[in-house]
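Keep in mind that what you see is a predicted model, and the values were worked out from it rather than measured. First listed ligand is number 1; within each ligand, the first listed atom is number 1.
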Amino acid sequence: MPITHVGVVGCGLMGSGIAQVCADRGFPTVIMEVTPEFLDKGLTKIRTALGRAVEKGKMSADQRDRTLGKLRGTTSLEGLRECDLVIEAATEEIAAKRKIFSTLDSLCPAQTILASNTSSLCITEIAASTKRPDRVCGLHFFNPVPVMKLVEIVKTLTSSPQTIEAIRTFSAALGKSTILAIDTPGFIVNRILVPYLLDAVRMLENGVATREDIDTGMKLGCGHPMGPLELLDFVGLDTTFYIANIMFEEFREARYAPPPLLKRMVLAGHFGQKSGRGFYDYSAR
Ligand code: CAA
């Protein structure tokens, strides 16, 4: 069954980006949020992003209107019952995700594929809350979704080869390159990225160098678009702390253990760009 109609659960930073890319590539896309206010906020984010693309001459006004015409909002999972693929990008809480997946399982046709954008939770556990574990997999996008060219496909012990193939074809239609990982904490990218980010915090904590020199080192020495501390501010210190804890819990290896400074910054509410303060100050933005 080809994927023609897409549903996205959650219209936050990741969900809105995912819905934008799907609609832009011509897929009729339904976005679900829990309240009309959250839905409106997410749709506004998409309209603003598309408006900026038109202003910059990266997109025609016609294409923007076509993209917006493909998008529809709903505040109930029932609104996703016609979809061939539902991509869940809700809060990173296992209980909430299990509930969403078991509800979607009871609503959607048998052939619908259910995918999670989780960066840290166990896809196998999410799949086990459905009666279709063969049609559940991970589909992990990167922030900012419209810009980053990669998606990670995550195969559980129960995902069928047909599901993985359908998701590969769909990802290619979105213009994304794919990599395939088995369901282990961090998959491929975060398995490497998270210990790297934690090492940068340890380095700052130990007084090896200033934040600017750590970031400049990795930008100019290795060609990264952002230094690790800038990237932590961009991804969110709270998000990284959460992922690191899950990885440490599972592997029990010191390199995944969040350093004391990271924990204290999170406790102080210094989450990075989103809270106005992290390793750098964004309060003037
Ligand atoms: N949302 C949407 N688009 C954005 C954006 C955002 N937040 N930030 C920048 N862009 C777009 C801009 O509109 C611009 O598009 P055009 O070229 O079409 O005009 C393009 O990105 C480049 O932006 P800028 O020129 O303003 O800025 P830049 O060149 O410094 O690039 C960046 C910004 C793309 C964010 C770049 O710094 C970068 O690639 N940083 C690294 C991002 C990264 O590593 N992401 C992965 C994080 S890990 C993750 O997501 C997984 C996880 O599970 C934690």
Side-chain angles (χ1 to χ4, degrees), residues 10-24 41-60 63-64 67 87-92 97 115-123 138-154 174-179 181 183-198 200-201 215-216 218-220 222-247 256 258 262 266 271-274 278-280 282 285:
C11 201
L13 184 69
M14 298 304 285
S16 63
I18 295 168
Q20 180 185 322
V21 170
C22 293
D24 187 42
K41 215 170 145 190
L43 289 169
T44 302
K45 227 180 293 172
I46 298 174
R47 274 187 223 109
T48 308
L50 294 174
R52 218 178 292 129
V54 173
E55 272 167 33
K56 283 185 181 174
K58 305 257 173 193
M59 180 183 269
S60 69
Q63 176 60 23
R64 175 201 56 202
T67 301
I87 306 168
E88 171 276 320
T91 334
E92 288 284 85
K97 290 195 194 281
S116 177
N117 177 57
T118 184
S119 51
S120 53
L121 296 173
C122 176
I123 315 277
L139 186 57
H140 184 214
F141 290 80
F142 293 82
N143 180 27
V145 177
V147 180
M148 305 307 281
K149 294 185 169 53
L150 184 76
V151 287
E152 275 178 314
I153 301 176
V154 184
L174 293 187
K176 303 289 185 193
S177 294
T178 56
I179 52 177
D183 180 27
T184 49
F187 316 133
I188 298 171
V189 174
N190 281 339
R191 180 89 170 252
I192 296 170
L193 180 65
V194 170
Y196 157 72
L197 296 178
L198 300 180
V201 179
D215 280 342
T216 302
M218 295 312 292
K219 278 192 286 192
L220 301 189
C222 294
H224 291 192
M226 288 176 166
L229 301 172
E230 265 182 282
L231 185 55
L232 267 157
D233 279 355
F234 181 69
V235 170
L237 274 65
D238 52 337
T239 305
T240 308
F241 181 66
Y242 184 79
I243 301 173
N245 274 314
I246 289 180
M247 293 175 81
Y256 301 113
L262 181 64
V266 171
F271 299 153
Q273 288 189 9
K274 63 177 139 183
F279 291 101
Y280 297 91
Y282 305 91
R285 279 192 183 183

TODO: Provide the number and element of each atom of ligand 1 under 4.0 Å from a heavy atom of S119.
DONE: 53 (O)
Task: Side-chain heavy atoms of S119 within contact of F142, under 4.5 Å - done: no
TODO: For side chain to side chain contact (heavy atoms under 4.5 Å, CB included), just list the numbers for L229 and V201, CA-CA rounded to whole Å, side-chain angles, deciding distance to a tenth of an Å, and then say yes or no.
DONE: CA-CA 7 Å; L229 301 172; V201 179; 4.3 Å; yes
Task: Polar side-chain atom of Y242 near backbone of E92 as donor-acceptor pair, under 3.5 Å - done: yes
Open item on the list: My question is simple, although I want it checked carefully: is atom 3 (N) of ligand 1 less than 4.0 angstrom from any protein heavy atom?
Closed with: yes
Open item on the list: I need the nearest protein heavy-atom contact for atom 50 (O) of ligand 1: residue, atom name and distance, please.
Closed with: N143 N, 3.0 Å
TODO: List every atom of ligand 1 that sits less than 4.0 Å from any heavy atom of L193, numbering the atoms from 1 in the order shown and giving each element.
DONE: 48 (S)
- [ ] Between L231 and ligand 1, find which residue part has any heavy-atom pair under 4.0 Å and reply side chain, backbone, both or neither.
- [x] side chain
- [ ] Could you tell me whether V189 approaches ligand 1 through its side chain, its backbone, both or neither, with non-hydrogen atoms closer than 4.0 Å?
- [x] neither
Open item on the list: For C11 versus K45, what's the shortest heavy-atom pair and its separation?
Closed with: O-NZ, 3.7 Å
Open item on the list: Evaluate K274 against L13 for side chain to side chain contact (heavy atoms under 4.5 Å, CB included), listing each step before the verdict.
Closed with: CA-CA 11 Å; K274 63 177 139 183; L13 184 69; over 6 Å; no
Open item on the list: Just to confirm my output: which protein heavy-atom neighbour is closest to atom 16 (P) of ligand 1, and how far is it?
Closed with: K58 CE, 3.6 Å
Task: Worked verdict on T67 versus Q20 for side chain to side chain donor-acceptor pair (under 3.5 Å) - done: CA-CA 8 Å; T67 301; Q20 180 185 322; over 6 Å; no
Task: Region of R52 that comes within reach of ligand 1 [heavy atoms, distance under 4.0 Å] - done: neither
Open item on the list: I123 vs T118, test: side chain to side chain contact (heavy atoms under 4.5 Å, CB included). Steps then yes/no.
Closed with: CA-CA 8 Å; I123 315 277; T118 184; 3.4 Å; yes
Open item on the list: In the complex you have, is atom 23 (O) of ligand 1 within reach of the protein, judged by whether a heavy-atom distance drops under 4.0 Å?
Closed with: no
Open item on the list: Any non-hydrogen side-chain atom of I153 less than 4.5 Å from a side-chain atom of L139?
Closed with: yes
Task: Protein contact for atom 53 (O) of ligand 1 (heavy atom, distance under 4.0 Å) - done: yes
Task: Which atom of P258 lies closest to which atom of A244, heavy atoms considered - done: CG-CB, 4.0 Å
TODO: Determine, counting only non-hydrogen atoms of the protein, whether one lies under 4.0 angstrom from atom 10 (N) of ligand 1.
DONE: yes
Task: Sub-4.0 Å protein heavy atom next to atom 31 (O) of ligand 1 - done: no
Open item on the list: As a test of the contact definition, would atom 28 (P) of ligand 1 count as having a protein heavy-atom neighbour under 4.0 Å?
Closed with: no
- [ ] With heavy atoms of V235 as the reference, note each atom of ligand 1 found under 4.0 Å away.
- [x] 47 (C), 48 (S), 54 (C)
Task: Atoms in ligand 1 with a heavy atom of N190 nearer than 4.0 Å - done: 52 (C), 53 (O), 54 (C)
Task: Ligand-residue contact atoms, ligand 1 with V147, heavy atoms, under 4.0 Å - done: 3 (N), 4 (C), 10 (N), 11 (C), 21 (O), 34 (C)
- [ ] Please write down residue, atom name and distance for the protein heavy atom closest to atom 49 (C) of ligand 1.
- [x] F142 CD2, 3.5 Å
TODO: Taking the side chain as every heavy atom from C-beta outward, state whether L197 and L262 have any atom pair closer than 4.5 Å.
DONE: no
TODO: With rounding to the nearest 0.5 Å, note down the distance linking CG in D24 to CG in L50.
DONE: 7.0 Å
- [ ] Output the list of atoms in ligand 1 that are nearer than 4.0 Å to some heavy atom of K56, sorted by atom number.
- [x] 12 (C), 13 (O), 14 (C), 15 (O), 16 (P), 19 (O)
Task: ligand 1 versus T240: contacting region, heavy-atom distance under 4.0 Å - done: neither
- [ ] For H140 and ligand 1, answer yes if some heavy atom of the residue is under 4.0 Å from a ligand atom, otherwise no.
- [x] yes
- [ ] Determine, counting only non-hydrogen atoms of the protein, whether one lies under 4.0 angstrom from atom 13 (O) of ligand 1.
- [x] yes
Open item on the list: Using heavy-atom distances only, which candidate in A49, A53, P144 approaches atom 6 (C) of ligand 1 most closely?
Closed with: P144
Task: Contact check, side chains of R52 and K58, non-hydrogen atoms, under 4.5 Å - done: no
- [ ] Can you measure from CZ (F241) to CZ (F271) and round to the nearest 0.5 angstrom?
- [x] 10.5 Å
- [ ] Carefully, step by step, assess F141 and M148 under the rule side chain to side chain contact (heavy atoms under 4.5 Å, CB included).
- [x] CA-CA 8 Å; F141 290 80; M148 305 307 281; over 6 Å; no
Task: Protein contact to atom 39 (O) of ligand 1 [nearest heavy atom, distance to 0.1 Å] - done: P225 CG, 3.7 Å
